[in-house]
Amino acid sequence: MSAASGDELLAAAADPSRRRLLDLLLEDGEASQTALAQRVPFTRQAVAKHLAVLERAGLVERRRRGREVLYAVRRERLDEAGRAMATVAARWERRLLKIKELAEAAQRAGSVP
Amino acid sequence: MPGTIERDVLIEAPADVVWDVLTDPAQIPRWFSDSAEIDLRPGGAGTLGWREHGSVEIAVERVERPRLFSFRWMSGEGENRWANSLLVEFTLTDEAGGTRLRVVESGLDELDWSEERRREYREDHSSGWATHMGRLRDLFAQEAAAAR
């Protein structure tokens, strides 16, 4: 399975329903699709769809236990997603500070450069 | 990890001065991309260029001088490319004799890949989409390195 881009990782981790599934999996360690569906306010099909997105992004992995399929969080990828979000926020913070610097300099100079 | 990023800053300058820094294509390269072209009207098109990463198309949404400026970027490809894109909204409000500049970037949780795009990416690593994703990944990596 190819590594997901930073973009896909962000999209996978940023959705509130998927975050809820990640929270439940972090609590339980691992769980089946059925077990997860019983604890969320959305349909089994939605659970399946979200798990597929999370799996493609490398945030969860599955294993078979007999006839059951169990999902678990890949914690190192979750940390990576958190860092990616923090990076996006930091990027905007830096841009705002630069705009501040430029605008205040222009104001002090009495004209827009 | 929400689908929205919000940040704000208090600037000791009036809103119209901040507005010019924000929207003038001659000034945008001082805080954002390396180069910028922009048709500053609702529905206007624009391009942000990075020496290292190439160009990104932008679509101007709202232009309400000096209070509100918004645009879309990080679009996909093809006819519906703006459906999954990031929306950036700047608002400027008077505060403490200066200007509170706020930015909200939304749509991070909607940047989902359609099955078709995913297949195209797998099958053709030289496709425009793959290049775009590669650029975005590089941007993230560069910023992460700069943040350390």
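Order of the sequence lines sets the chain letters (A, B, ...), proteins ahead of strands, with each chain counted from 1.
- Around the CZ atom of B:Arg51, the shell of radius 6.0 Å holds no more than 12 heavy atoms that belong to other residues, nucleotides or ligands.
- Taking all atoms of both residues into account, the shortest heavy-atom contact from A:Lys100 to B:Val9 is CD-CG2, 3.6 Å.
- Of all the heavy atoms in A:Lys98 and B:Trp31, the pair that sits closest is CG-CB, 3.6 Å.
- Annotation: the span from B:Ile11 atom CD1 to A:Glu101 atom CD amounts to 11.0 Å, rounded to 0.5 Å.
- Distance CG/B:Leu101 to CG/A:Leu97: 10.5 Å, rounded to 0.5 Å.
- Counting heavy-atom neighbours within 6.0 Å of A:Arg44 CZ, excluding the residue itself, gives a total of 12 or less.
- Put simply, B:Leu40 and B:Trp73 are part of the same group of oily side chains (I, L, V, M, F, W, Y) that touch within less than 4.5 Å, one to the next.
- Atom CZ of A:Arg39 is surrounded by more than 12 heavy atoms from other residues, nucleotides or ligands within 6.0 Å.
- Cluster annotation: B:Leu10 is not connected to B:Phe90 through the hydrophobic network of ILVMFWY side chains, with a link wherever side-chain heavy atoms come within less than 4.5 Å.
- Cluster annotation: B:Phe71 is connected to B:Val56 through the hydrophobic network of ILVMFWY side chains, with a link wherever side-chain heavy atoms come within less than 4.5 Å.
- With values rounded to the nearest 0.5 angstrom, B:Leu22 atom CG is found 12.0 Å from A:Arg95 atom CZ.
- Between the CG atom in A:Leu102 and the CZ atom in B:Arg30 there is a gap of 5.0 Å [rounded to 0.5 Å].
- Heavy-atom minimum distance, B:Glu12 versus A:Glu104: N-OE2, 2.7 Å.
- Shown here for A:Ala103 and B:Ala13, the closest heavy-atom pair between the two residues is O-CB, 3.8 Å.
- With values rounded to the nearest 0.5 angstrom, B:Asp20 atom CG is found 12.0 Å from A:Ile99 atom CD1.
- Taking hydrophobic clusters as Ile, Leu, Val, Met, Phe, Trp and Tyr residues chained together by side-chain heavy-atom distances below 4.5 Å, B:Val63 shares a cluster with B:Val103.
- The minimum heavy-atom distance between A:Ala106 and B:Val17, with the atom names listed, is CB-CG1, 4.0 Å.
- Clustering ILVMFWY residues whenever any of their side-chain heavy atoms sit less than 4.5 angstrom apart, transitively, puts A:Val47 in the very cluster that holds A:Leu24.
- Proximity to chain A is absent for every atom of B:Glu6, based on heavy atoms less than 4.5 angstrom apart.
- Between B:Phe32 and A:Trp92, the ring planes lie tilted relative to each other; the angle falls in the 30° to 60° range.
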